[in-house]
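Ligands are counted one by one from 1 in listed order, and the atoms in each one are counted from 1 as well.
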Amino acid sequence: MTAIRHLSRADAHVMNRSALTRRLVARLPDDVAVVGGIGHTHFDLWAAGQRARNFYMLGSMGLAVPIALGVALAQPRRRVIALEGDGSLLMQLGALGTVMAARPKNLAIFVWDNGAYQITGAQPTATSAGVDLVAIARGAGIAAATWAADEAHFEALVELALSGDGPLFVAARTDNQPPAGTTDRDAARIRMRFMDALKQG
Ligand SMILES: Cc1ncc(C[n+]2csc(CCOP(=O)(O)OP(=O)(O)O)c2C)c(N)n1
């Protein structure tokens, strides 16, 4: 698994979340399910293009990984991607242990680490003081965990998420630029559309 590199947070290039989200979405086959976490994560997922198999978590921090894990276990032939912010993941670190215990081969987790709770006013998160989310994922037993060194490495990791055996954990350091859009806050419609699309294949 050559895309997995042993980098520290300090070694990872700071990138732009909107641009990375667009790169990710551009590579996705239609059948891949993506669960976007609260914060600017789902704003940028929305802005990157509407997909029937996108879910946008509007209200609760830390639920992108648990929801994506549930989809991955229920539909093991479907590739599933969780997108989460650093602040949200820090609130629900136990989910990483649950992922390790379940070992879903079809799940990849991407975390945008901007070192802040950006959407609520950019209060600093613990990662800005040096907490390394990749080290935490490895400690939880997710061996395929890595920082994205730069944009080219990120693209290789997206390919790995679509073709390799999971669970995969990727963290990317991101800047403090605002998101590219705002999600339409119709929770019932988001849920129904996602569930209908998952039924259809
Ligand atoms: C339990 C809980 N506490 C606080 C909030 C308010 N809140 C919503 S999003 C958010 C910050 C999310 O930070 P992060 O996941 O790092 O994403 P970013 O905003 O940086 O994109 C906060 C504090 C919440 N929704 N739920």
Worksheet item: Salt bridge check: are Glu151 and Arg23 linked by an N-O gap of less than 4.0 Å?
Response: no
Discussion item. Does the residue Gly59 have a heavy-atom contact with ligand 1, meaning some pair of atoms that are separated by less than 4.0 Å?
Written reply: yes
Worksheet item: Which part of Thr120 is near ligand 1, with near meaning a heavy atom under 4.0 Å away: side chain, backbone, both or neither?
Response: side chain
Worksheet item: Can you check whether Gly39 has an N/O within less than 3.5 Å of an N/O in ligand 1?
Response: no
Item to complete: Tell me which protein heavy atom sits closest to atom 14 (P) of ligand 1, plus the residue, atom name and distance to 0.1 Å.
Response: Gly87 N, 3.7 Å
Item to complete: Out of Gln118, Met61, His40, indicate the one that has the non-hydrogen atom closest to atom 12 (C) of ligand 1.
Response: Met61
Item to complete: Answer yes when Arg189 and Asp184 have at least one side-chain N-carboxylate O distance shorter than 4.0 Å, and no when they do not.
Response: yes
Worksheet, complete the sentence: Sorted by chain and residue number, the side-chain contact (heavy atoms from CB on, under 4.5 Å) partners of Ala149 (sequence neighbours excluded) come out as Arg5, Leu7, His153
Worksheet item: Would you say Tyr117 and ligand 1 have an N/O pair spaced under 3.5 Å apart?
Response: no
Worksheet item: Is there at least one pair of N or O atoms, one from Thr125 and one from ligand 1, spaced under 3.5 Å apart?
Response: no
Practice prompt. Could you check if a side-chain atom of Val65 sits within less than 4.5 angstrom of a side-chain atom of Gln92, using non-hydrogen atoms only?
Written response: no
Discussion item. Distance under 4.0 Å to a non-hydrogen atom of Ile38: what atoms of ligand 1 satisfy this?
Written reply: 8 (C), 9 (S), 25 (N)
Practice prompt. Provide, to 0.1 Å, the distance between atom 19 (O) of ligand 1 and the closest protein heavy atom, together with that atom's residue and name.
Written response: Ile119 N, 2.9 Å
Worksheet item: Does any N or O atom in Ser60 lie less than 3.5 angstrom from one in ligand 1, N or O only?
Response: no
Fill in: Identity and distance of the protein heavy atom lying nearest atom 15 (O) of ligand 1
Ser88 OG, 2.6 Å
Response to the item:
In terms of heavy-atom contacts, Leu45 and Leu83 come closest through CD1-CD1, 4.0 Å
Worksheet item: Which bit of Asn114 gets closer than 4.0 Å to ligand 1, counting heavy atoms only: side chain, backbone, both or neither?
Response: side chain
Discussion item. Looking at ligand 1, is there an atom of it that comes within less than 4.0 Å of some heavy atom belonging to Met91?
Written reply: yes
Practice prompt. Name all residues meeting the ring pair (Phe, Tyr, Trp, His ring centres under 6.0 Å) criterion together with Phe194; count only those two or more places apart in sequence or in a different chain, and write none if there are none.
Written response: Phe55
Practice prompt. Would you kindly specify which portion of Glu84 sits under 4.0 Å from ligand 1, judged on non-hydrogen atoms: side chain, backbone, both or neither?
Written response: neither
Worksheet entry | Trace of the salt bridge (Lys or Arg N to Asp or Glu O under 4.0 Å) decision for Asp196 with Lys199 | CA-CA 5 Å; Asp196 283 348; Lys199 274 185 226 155; 3.5 Å; yes
Worksheet item: Judged by non-hydrogen atoms, does Ala116 sit under 4.0 Å from ligand 1?
Response: yes
Fill in: Between Thr127 and Asp113: side-chain donor-acceptor atoms closer than 3.5 Å
yes
Worksheet item: Hey, does Tyr117 have a side-chain heavy atom less than 4.5 Å from the side chain of Thr125?
Response: yes
Practice prompt. Take the angle between the ring planes of Phe154 and Trp112 and call it parallel below 30°, perpendicular above 60°, tilted in between.
Written response: tilted
